[in-house]
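Notes follow once the structure below has been shown.
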Protein chains: 2
Amino acid sequence: MSGPVRLLLADDEHLIRGALATLLSLEDDLVIVAEAATGPEALAMARAHQPDVAVLDLQMPGADGVKVATALRAELPGCRVLIVTSHGRPGHLKRALEAGVRGFVPKTVSAQRLAEIIRTVHGGNRYVDPELAADAIAAGDSPLTAREAEVLELAADGAPVAEIAERAALSQGTVRNYLSSAVSKLGAENRHAAVRLARSRGWV
Amino acid sequence: MSGPVRLLLADDEHLIRGALATLLSLEDDLVIVAEAATGPEALAMARAHQPDVAVLDLQMPGADGVKVATALRAELPGCRVLIVTSHGRPGHLKRALEAGVRGFVPKTVSAQRLAEIIRTVHGGNRYVDPELAADAIAAGDSPLTAREAEVLELAADGAPVAEIAERAALSQGTVRNYLSSAVSKLGAENRHAAVRLARSRGWV
DNA sequence: CACGGCTTCTGACATTTGTCATGCCGAGTG
DNA sequence: CACTCGGCATGACAAATGTCAGAAGCCGTG
């Protein structure tokens with residue numbers, strides 16, 4: 001009914017991006033119109049080339065896949081976004097979906113499958129890797145309140161409470177309370193373990 | 001003078017591995033004789049197919065690239081090992097070189113370059129990405145003693161001193177002393193920041 | 001409007017850390 | 001052999017953290 005699917009490929013690893021570009025080009029109905037290695041670059045390329053589907057890596061320098069997806073949603077509503085990732089954390093999937101992403105797959109799929117999924121997404125349907133979806137469901141929603149998550153994030157690099165308090169413009173006591181409740185909600189031993197746990201679930 | 005270079009490709013991401021396999025196959029003098037998705041699998045494949053060069057991802061389930069390289073060194077001395085990685089930490093490079101790895105490159109290189117490097121390595125020469133090499137030199141050697149590193153590693157998941165002491169079969173006081181000296185050697189604020197720092201340098 | 005949940009704070013307490021001084025033993029070095 | 005360094009330990013003190021109770025304001029829902 002129409003021409004080939006026009007693709008934007010964004011991944012910071014040349015090796016993967018190039019290889020992917022070659023493989024996907026082998027498909028008759030797919031054509032790569034642009035490539036990018038960073039978030040901002042992906043955005044610029046999308047504006048310039050108006051792709052039908054943007055295949056984005058989740059972790060890129062500059063701005064991650066979800067951020068790019070959000071911006072794309074506003075600027076190019078017609079462009080479908082498909083996120084590809086190595087380390088799919090449950091929380092990322094949720095945020096991606098909220099950002100209007102149409103597909104979310106791990107890099108463990110084959111190029112064949114990816115091509116099919118690109119077609120699915122282009123057709124207006126959604127596709128989420130079943131395993132990642134199961135993980136996300138199993139992990140559930142973050143039990144943390146906004147502030148708890150914020151404070152936990154500031155604690156992520158091992159900063160002392162005093163520093164966290166300053167950066168969050170809170171009193172030290174409040175910070176300790178938030179940390180304490182976050183730790184107990186997550187069932188962690190201490191805040192550092194809590195950070196790791198929240199990280200692994202993609203809640204921070 | 002001889003036939004094509006026989007390659008083993010190991011990477012847990014099908015997408016990348018498959019794409020890479022296709023791209024490298026395009027080169028007349030390279031042929032992929034085996035693929036693997038995990039460390040142990042890579043080892044088994046190497047034993048079965050006796051490749052000339054093993055292209056290994058640094059991070060794989062089961063056993064990382066360096067571990068596989070060490071095993072390969074012993075079992076198949078004729079097999080040259082080339083490590084490819086996304087996140088190249090300085091310490092990894094050092095350990096890889098100690099394991100007899102002949103090449104170490106980031107995934108940001110192009111397939112063309114990779115093919116050239118594979119030939120270089122096959123020819124008995126070494127190749128280390130200049131940028132990674134510079135990072136490794138800048139980061140220098142770990143100032144930590146073996147025990148300090150060990151204790152720091154046990155502290156990595158936020159475990160309390162008591163647990164570290166038990167797992168390391170040391171007294172709590174000793175653990176604290178080691179942690180303390182590690183923290184001061186690394187110039188960190190506290191042990192958690194120290195862990196992060198050591199991690200980023202690949203010293204743990 | 002009353003209730004519950006989130007945010008924010010204070011203060012007090014117990015526990016966990018980080019730091020330091022000090023000591024002993026074994027291995028390697030000049 | 002004396003010296004140094006790393007590994008291991010104690011004990012003691014100060015600082016940071018974790019835990020609790022209590023209290024006030026704000027917001028949305030029933």
Side-chain angles (χ1 to χ4, degrees), chain A residues 91 94-95 98 139-204, chain B residues 91 94-95 98 139-204:
Chain A
K94 189 164 188 293
R95 275 185 295 141
E98 280 163 5
D141 268 15
S142 170
L144 305 175
T145 68
R147 290 281 182 252
E148 283 165 357
E150 188 188 332
V151 170
L152 199 57
E153 186 146 30
L154 287 172
D157 53 359
V161 171
E163 200 179 311
I164 301 171
E166 202 184 344
R167 289 213 271 168
L170 290 176
S171 87
Q172 300 198 10
T174 306
V175 169
R176 287 202 267 167
N177 286 151
Y178 282 156
L179 249 23
S180 189
S181 79
V183 166
S184 72
K185 277 179 182 177
L186 297 178
E189 288 270 316
N190 55 45
R191 57 159 138 170
H192 303 287
V195 165
R196 283 167 34 80
L197 218 162
R199 270 272 160 78
S200 78
R201 298 251 219 281
W203 289 339
V204 293
Chain B
K94 190 167 187 294
R95 274 185 295 140
E98 281 163 4
D141 268 13
S142 170
L144 305 175
T145 66
R147 290 284 182 244
E148 284 164 358
E150 187 187 333
V151 171
L152 200 57
E153 186 147 29
L154 287 172
D157 52 0
V161 171
E163 200 180 311
I164 302 171
E166 202 184 342
R167 289 213 271 167
L170 290 176
S171 87
Q172 300 199 9
T174 306
V175 169
R176 288 202 264 170
N177 285 339
Y178 282 156
L179 285 174
S180 189
S181 81
V183 165
S184 73
K185 277 180 181 174
L186 297 178
E189 288 270 316
N190 53 45
R191 58 159 137 169
H192 304 287
V195 166
R196 285 166 33 79
L197 219 162
R199 271 271 158 78
S200 77
R201 297 250 219 283
W203 289 338
V204 293

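Residue numbers start from 1 in every chain, and the chains themselves are labelled A, B, ... in the order their sequence lines are given, proteins ahead of strands. Predicted model only: the values in this text are computed from it and were never measured.
Within the structure, ring-ring contact (aromatic ring centres under 6.0 Å, His included) contacts touching residues 139-177 of chain A (residues at least two apart or in different chains) do not occur. Screening residues 178-190 of chain A for salt bridge (Lys or Arg N to Asp or Glu O under 4.0 Å) gives A/E148-A/K185 as the qualifying pairs, with residues at least two apart or on separate chains. Among residue pairs with one or both ends in residues 178-201 of chain B, those qualifying as ring-ring contact (aromatic ring centres under 6.0 Å, His included) are A/H192-B/H192; sequence neighbours excluded.
In terms of the side-chain hydrogen bond (donor to acceptor under 3.5 Å, both in side chains) criterion, residue partners of A/E98 (sequence neighbours excluded) are, by chain and number, A/K94. Residues satisfying the salt bridge (charged side-chain N to carboxylate O under 4.0 Å, His left out) criterion with B/E150, sequence neighbours excluded, are B/R147. Judged as a side-chain hydrogen bond (donor to acceptor under 3.5 Å, both in side chains), and not counting sequence neighbours, A/R196 has no contacts.
For A/S184 against A/S181, the heavy-atom pair with the smallest separation is OG-O, 3.1 Å.
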Using a 3.5 Å cut-off and no angle test, enumerate the donor-acceptor pairs between side-chain atoms of residues 197-204 of chain B and protein atoms at least two apart in sequence or in another chain.
residue	atom	partner	partner atom	Å
B/S200	OG	B/L197	O	2.8

Enumerate donor-acceptor pairs with a distance under 3.5 Å from any side-chain N or O in residues 155-171 of chain B to protein atoms, sequence neighbours excluded.
residue	atom	partner	partner atom	Å
B/D157	OD2	B/R167	NH2	3.4
B/S171	OG	B/G173	N	3.3
B/S171	OG	B/T174	N	3.2
B/S171	OG	B/T174	OG1	3.0

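Within residues 142-156 of chain A, the residues having any heavy atom under 4.0 Å from DNA chain C are, by residue number, A/T145, A/A146, A/R147.
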Verdict with reasoning, B/L152 to B/L186, per side chain to side chain contact (heavy atoms under 4.5 Å, CB included): CA-CA 11 Å; B/L152 200 57; B/L186 297 178; 4.0 Å; yes
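The shortest distance between the side-chain N/O atoms of B/S171 and the OP1/OP2 oxygens of D/dC8 is not below 4.0 Å.
Comparing the helix axis at one end of the helix from C/dC1-D/dG30 to C/dG30-D/dC1 with that at the other, each defined from 5 consecutive pairs, gives an inter-axis angle of 30° (nearest 10°).
First and last contacts of DNA chain C with chain A, using any nucleotide atom under 4.0 Å from a protein heavy atom and ordered 5' to 3', fall at C/dC6 to C/dT10.
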If a protein heavy atom is under 4.0 Å from the base, mark B; if only from the sugar-phosphate, S; if neither, -; do that for nucleotides 13-30 of chain D going 5' to 3'. ----BBBBB---------
